[in-house]
Amino acid sequence: MGKYILKRIGYMILTLFIIATATFFLMKLMPGSPYANQAKMSAEQIKIMNQQYGLDKPVFQQYLIYLVGLLHGDFGTSFQFNNQPVSYLISSRIGPSMQIGVQAIILGTVLGILLGAIAAIRKNSWVDTVATFFAILGRSIPNFVFAVLLQFFLAFKLKIFPIALWDGFSSSILPTIALAMAPLATTARFMRTEMVDVLNSDYIELARAKGNTPWQTVAKHALRNSLIPVITIIGPMAVDLMVGSMVVENIFSIPGIGDQFVKSITTNDYPTIMGLTLLYSFMLIVVILVVDILYGFIDPRIRLSGNEGSN
Amino acid sequence: MADNSTDIKFKENSFKRIEQHNVDEQEKISAPSLTFFQDAVRRLKKNKAAVISLWLLALIVVFSIISIWWTPSDPNAQHVAYANLPPKIANGQIPGFTGKANVGGRIVDKYAQAKVPAGTYYVLGTDYLGRDLFSRLMKGIALSLLIGFLATLFDLVIGVPYGVVSGWKGGRVDTLMQRFIEIISSIPNLVIVILMLLLFTPGLGSIVVAMGITGWITMARLVRAETLTLKTQEYVLAARTLGESPFKIAMKHLIPNLSSTIIIQTMFSIPTAIFFEAFLSFIGIGIPAPNASLGTLLSDGQKTFRFLPYQMWYPAAAISIIMIAFNLLADGLRDAFDPKTQE
């Protein structure tokens, strides 16, 4: 187990290194210059600016400087936003993103598990149909459509929530709901399939034969065993959340990293884009690693050996 | 329980004598034998949601094809005088398509205000540049579908061969190929797509390529897993023993048996691609102006949503319907091709 984790962490570092290298050279290939009004600047000014940002050095040297900086947690300096260090931009904006992300994943998975479980227990009843219908809606309708609809009805028409403002818990409710739709749908769907499987198994039959009520059987035996595979979809859900956070934060004007990413793209702020790319990749890789390890701990049938993890 | 069994009374005519000459007839298989695909189609037809989705999508595709040659008016032509007109059909008798709007609590006939000649109307209204939204929606749906189909081509052209080779070769080649996939898939594919779009000039081609670069991975994984099981089958072994070349085995034996996996995965890839395009256009790095796609229509509509909601409703409804239909059809196809997954 320890050896496996070490190996996975090794791969993780290798992957991050490759991503850092790839993004660095991609950014060097990008057309255009980092200075917005280059036409107005004299050659002398450009030279000074280049020196200031270290852009006068050979590309390979810049690359080494960048890598060494990364090891110290230095992501470079933003071209926009008053020359703030990228690491400062990220750390000051990660709070709201994390809050909404965590709230959405809790809301989505808890409701999803409930909905999926009820659908499985009442299989082929109207409850099941309704649950399946909602799961399909949640999976199909893009979250920015949800976000705009929520904003329109609950914030603009009914004025229950603030339209676009970051001020306390009440302003995080709408973005959380918009973001939670996708995880909710995925979990509900997955949970239903797993639960139906588990409910057909022998040990559930035994639990029923012992004289447990249906709800006891579900709570004590079925729920736990159907929850195990649900852990595997946390990885893909994390990706959905990251993608979703970009537009949802943008729509609700939340000062988070998703919003920052979109802004940086439109302003060609390469150091910030690079820093955020690395951050997103890092978070994703860590989530996948943690899920894999958790899975091995929880389900003893899964043996973590060196040559798997590819499926 | 025990009492019931004694209730049954056997009479002489409870049993029928089986005549000797009837044996052949009884052994006859009455239903015609079906191929795998016929069987799948039969199961698909039973799934009402999937059938409706299929017809709906067929209709949308036909509409999109028509839009190549014909739209009610030029989707990119601007009539600034006719900007932001609400939807109107004919004389404005149908509720929701009256051509009137609520301005500060007063119902105003926008068409009269803009001095639009009688008989001219815009079914879904016009946008801030006075472009006909119905024509733009038609074009937008066509473009989004095109992106969906093109992006799945990468699935077929890269994903399928990659998976087959990886699964078939096994050993070190497989390990290497899977490591590569792992590295690519550990970068959020949105990030790859965005980086690619920054590098290329935005447009249809670059969006498709950027999505194609990451989109094939799921397909490759599924195909590889399937190939691993297929290659141990007897008929593959027989083909190998007879000296068939690996390429021919792949074409004649593996691909036909992989076809259901491939079809199902393709059906899931199309909505993903459509979503991605909409997403990219929404954050401003997708299809460049003035061309319409579902994403650009949505993002334009969102900006004025509070005051001119109709500009958002129809693109939002269109993308939602298309996504739901594709997902339902894909679900139906999966159940039809792989009855094991059905409970």
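Since this is a predicted model, take the numbers as computed values, not measurements. Labels below follow one simple rule: chain letters A, B, ... track the order of the sequence lines, proteins then strands, and each chain is numbered from 1.
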Identify which part of [X] has an atom lying under 4.5 Å from any heavy atom of chain B, answering side chain, backbone, both or neither.
X	result
A/Leu278	neither
A/Val148	both
A/Phe146	neither
A/Met12	neither

Discussion item. Tell me if the CZ atom of B/Phe268 is crowded by more than 12 foreign heavy atoms within 6.0 Å.
Written reply: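 Yes.
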
Worksheet item: Checking side-chain contact (heavy atoms from CB on, under 4.5 Å) against A/Ser140, which of B/Ile321, B/Asn327, B/Ile319 comes through?
Response: B/Asn327

Worksheet item: Looking at A/Ile136, A/Leu276, A/Asn250, which has the largest count of heavy-atom pairs under 4.5 Å with chain B?
Response: A/Ile136

Relative to chain A, which segment of [X] carries a heavy atom at a distance below 4.5 Å: side chain, backbone, both, or neither?
X	result
B/Asp331	side chain
B/Leu328	side chain
B/Phe326	neither

Worksheet item: Rounded to the nearest 0.5 Å, how far does CZ of B/Phe282 lie from CG of A/Asn143?
Response: 9.5 Å

Discussion item. Quick check on the interface: out of B/Ala278, B/Ser299, B/Pro271, who has the most heavy-atom pairs with chain A under 4.5 Å?
Written reply: B/Ala278

